[in-house]
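Have a look at the structure below, then the notes.
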Amino acid sequence: MPLQRRVPKRGFTSPFKKEYQVVNLSDLERLEAVTTVDPAVLREKGLIKKKGLPVKILGSGQLTRALQVSAHAFSKSAKEKIESAGGKVTVL
């Protein structure tokens with residue numbers, strides 16, 4: 001049997017990988033009577049599950065009202081859409 005079939009295969013897993021809980025802009029649009037969004041509000045509304053993981057806002061969907069959004073990370077398109085709707089972005 002050839003050597004490459006006899007030697008076990010091993011992959012690589014980065015020990016420095018950051019895992020985020022993702023929330024789309026379409027999810028933020030569905031929140032009624034909320035002007036300030038932060039991880040505590042997202043957890044209360046059931047959009048994120050784990051308390052310790054950082055939150056990242058993604059740009060899928062449209063935002064039609066001004067929101068003040070605080071999160072650990074934002075995608076480029078999400079940041080642009082929030083600011084174009086008149087909102088404010090705060091990185092924690």
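Not measured: the values here are computed from a predicted model. The first residue in the sequence is number 1, and the count goes up from there. The figures here come from the full heavy-atom set of this structure, side chains too, leaving out hydrogens, waters and symmetry mates.
Within the structure, the salt bridge (Lys or Arg N to Asp or Glu O under 4.0 Å) test picks out the following pairs touching residues 18-39 (sequence neighbours left out): D27-R30. Counting only residues at least two apart or on different chains, no side chain to side chain donor-acceptor pair (under 3.5 Å) pair has a member in residues 40-57. Within the structure, salt bridge (Lys or Arg N to Asp or Glu O under 4.0 Å) pairs that include any residue of residues 61-85 do not occur (at least two apart or interchain). Sorted by first then second residue, the side chain to side chain donor-acceptor pair (under 3.5 Å) pairs that include residues 2-12, not counting sequence neighbours, number zero.
Through ILVMFWY side-chain contacts below 4.5 Å, L53 is grouped with nothing and stands alone. Its side chain outside the 4.5 Å cluster rule for every partner, F16 clusters with none of the Ile, Leu, Val, Met, Phe, Trp and Tyr residues. Residues near L92 contribute nothing to a hydrophobic cluster around it, because no ILVMFWY side-chain heavy atom sits closer than 4.5 Å to its side chain. Summarising the hydrophobic clusters (Ile, Leu, Val, Met, Phe, Trp, Tyr; side-chain heavy atoms under 4.5 Å, direct or chained), the residues clustered with V69 are V23, L25, L28, L31, V34, V37, V41, L42, L47, I48, V55, I57, L63, L67, F74, I82, V89, V91.
Using a 4.5 Å heavy-atom threshold, the side chains of K88 and S70 count as separate.
Residues passing the side-chain contact (heavy atoms from CB on, under 4.5 Å) test with S26, sequence neighbours excluded: N24. By the side-chain contact (heavy atoms from CB on, under 4.5 Å) test, S75 is found to be paired with L58, S77, A78, residues two or more places apart in sequence or in another chain being considered.
Heavy atoms only, all atoms of each residue included: G86 and A66 are closest at O-CB, 3.5 Å.
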